[in-house]
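Everything on this sheet refers to the single structure shown next.
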Amino acid sequence: MKERIAELVTSLQLLPHPEGGFFRETYRSPLKNVEDQSLMTSIYFLLTVDSPSRFHRIKSDEHWYFHEGSPLSIHLLTENGHETLQLGTELINNQLPHLLVKGNTIFGSEVQGSGSYSLVSCAVAPAFDFSTFELFSKEELMKSYPNHSEVITRLT
């Protein structure tokens with residue numbers, strides 16, 4: 001599997017992402033909203049067992065699309081606590097090949113089980129902008145979500 005990960009990083013020209021994993025922006029809409037922000041961006045996103053997506057928040061909605069590898073658990077921290085969404089192709093196991101994380105949600109993702117990687121795409125609308133990207137520390141999240149220390153520890 002390490003060979004496949006290296007092949008994906010090379011062939012898709014992926015770079016390390018600040019939240020974890022590897023990515024490359026593949027599209028940025030030339031169309032703009034009234035705030036002069038692109039309407040949408042899309043990326044390839046590769047997560048590995050050793051490099052999950054750490055808890056973060058963006059202002060826009062983010063649509064996730066599964067391509068290959070092991071299923072992905074997307075962990076949400078909301079006013080209701082912790083919720084986990086499953087991204088993958090095993091519908092019988094409550095996985096979905098596409099799902100939405102609503103804007104302003106704190107979330108992080110990790111490869112399920114003993115799988116070594118997940119290749120997905122993410123489309124963000126309005127467009128992703130690092131100026132609105134917030135990465136959280138364990139200490140910050142434990143203040144608001146003390147009952148979820150296990151997942152917070154793994155994804156910070």
Side-chain angles (χ1 to χ4, degrees), residues 8-9 12-49 51-112 115 117-138 140-145 147-148 150-156:
L8 290 168
V9 168
L12 296 175
Q13 302 172 352
L14 304 178
L15 299 171
H17 196 290
E19 79 191 49
F22 305 89
F23 84 109
R24 179 171 61 92
E25 186 175 288
T26 58
Y27 178 74
R28 182 170 291 270
S29 175
L31 301 175
K32 308 273 182 154
N33 62 19
V34 295
E35 289 89 26
D36 199 36
Q37 181 181 18
S38 291
L39 294 183
M40 188 192 91
T41 51
S42 185
I43 65 168
Y44 286 125
F45 197 26
L46 176 68
L47 296 172
T48 69
V49 168
S51 189
S53 168
R54 292 172 190 82
F55 277 117
H56 65 287
R57 176 171 51 203
I58 62 174
K59 293 186 184 286
S60 300
D61 291 346
E62 185 165 350
H63 298 263
W64 289 65
Y65 303 90
F66 184 81
H67 296 303
E68 71 171 71
S70 298
L72 197 62
S73 294
I74 300 177
H75 300 277
L76 311 176
L77 295 176
T78 69
E79 62 277 350
N80 297 323
H82 173 235
E83 178 184 354
T84 304
L85 305 175
Q86 306 297 329
L87 187 68
T89 57
E90 298 171 17
L91 303 179
I92 196 164
N93 291 325
N94 296 318
Q95 296 171 10
L96 294 172
H98 164 261
L99 55 85
L100 170 68
V101 175
K102 291 184 179 180
N104 294 308
T105 301
I106 297 171
F107 68 105
S109 308
E110 63 185 336
V111 177
Q112 286 185 12
Y117 76 95
S118 295
L119 176 65
V120 302
S121 287
C122 300
V124 177
F128 177 83
D129 186 331
F130 272 108
S131 70
T132 65
F133 172 78
E134 298 175 81
L135 194 59
F136 291 90
S137 70
K138 178 180 177 179
E140 289 174 301
L141 294 178
M142 288 301 293
K143 290 176 187 173
S144 299
Y145 306 97
N147 295 333
H148 305 292
E150 185 178 321
V151 70
I152 289 170
T153 299
R154 283 197 321 270
L155 296 181
T156 53

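Along the sequence shown, the residues carry numbers beginning at 1.
- Note that the CD1 atom of Ile152 and the CZ atom of Phe136 stand 11.0 Å from one another [nearest 0.5 Å].
- With values rounded to the nearest 0.5 angstrom, Ser38 atom OG is found 8.5 Å from Leu31 atom CG.
- In terms of heavy-atom proximity, Val111 sits nearest to Leu72 at N-CD1, 3.7 Å.
- Separation of atoms CE (Met40) and CZ (Arg28) is listed at 10.5 Å; rounding is to 0.5 Å.
- At a threshold of 4.5 Å between non-hydrogen side-chain atoms, the residues Val151 and Thr84 do not count as touching.
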side-chain contact (heavy atoms from CB on, under 4.5 Å) evaluation trace for Leu100 with Lys102: CA-CA 6 Å; Leu100 170 68; Lys102 291 184 179 180; 4.2 Å; yes
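- Shortest non-hydrogen contact noted between His67 and Val120 is CD2-C, 3.4 Å.
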side-chain contact (heavy atoms from CB on, under 4.5 Å) assessment of Leu155 paired with Leu141: CA-CA 11 Å; Leu155 296 181; Leu141 294 178; over 6 Å; no
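- Contact annotation: the side chain of His63 never approaches that of Cys122 to less than 4.5 Å [non-hydrogen atoms, C-beta and beyond].
- Distance check, rounded to the nearest 0.5 Å: OG1 of Thr153 to NZ of Lys138 gives 3.5 Å.
- At a cut-off of 3.5 Å, with distance as the only test, a side-chain donor of Tyr117 or Glu68 sits close to an acceptor on the other residue.
- In terms of heavy atoms, Pro71 sits closest to Ser118 at O-OG, 3.5 Å.
- Atom CZ in Arg154 sits 8.0 Å away from atom CZ in Phe55 (nearest 0.5 Å).
- Under the 4.5 Å side-chain criterion, counting only non-hydrogen atoms from C-beta, Ser109 is in contact with Leu47.
- Phe45 and His17 have tilted rings, their planes meeting at an angle from 30° to 60° on a 0 to 90° scale.
- Between Gly21 and Ser51, the closest heavy-atom pair is N-OG, 2.7 Å.
- Using a 4.5 Å heavy-atom threshold, the side chains of Leu91 and Pro97 count as touching.
- The distance from the CG atom of Asp129 to the NZ atom of Lys59 is 10.5 Å, given to the nearest 0.5 Å.
- If you look at Phe107 and His56, their ring centroids are closer than 6.0 Å.
- Taking each heavy atom of Ala127 and Gln37 in turn, the nearest pair found is O-NE2, 2.9 Å.
- The aromatic rings of Phe133 and Phe128 sit perpendicular to each other, their planes meeting at more than 60°, with 30° as the lower class boundary.
- Considering only heavy atoms from C-beta on, Val9 comes within 4.5 Å of Leu46 through its side chain.
- Distance alone, capped at 3.5 Å, places no donor-acceptor pair between the Arg54 side chain and the Thr156 backbone.
- Here the side chains of Val101 and Ile74 are in contact, with some heavy-atom distance below 4.5 Å.
- The minimum heavy-atom distance between Arg24 and Leu12, with the atom names listed, is NE-O, 2.6 Å.
- Taking 4.5 Å as the limit, every side-chain heavy atom of Leu8 sits out of range of all side-chain heavy atoms of Tyr44.
- A donor-acceptor pair shorter than 3.5 Å cannot be found between the side chains of Ser73 and Glu110.
- Between Val124 and Asp61, every side-chain heavy-atom pair lies at or beyond the 4.5 Å cut-off.
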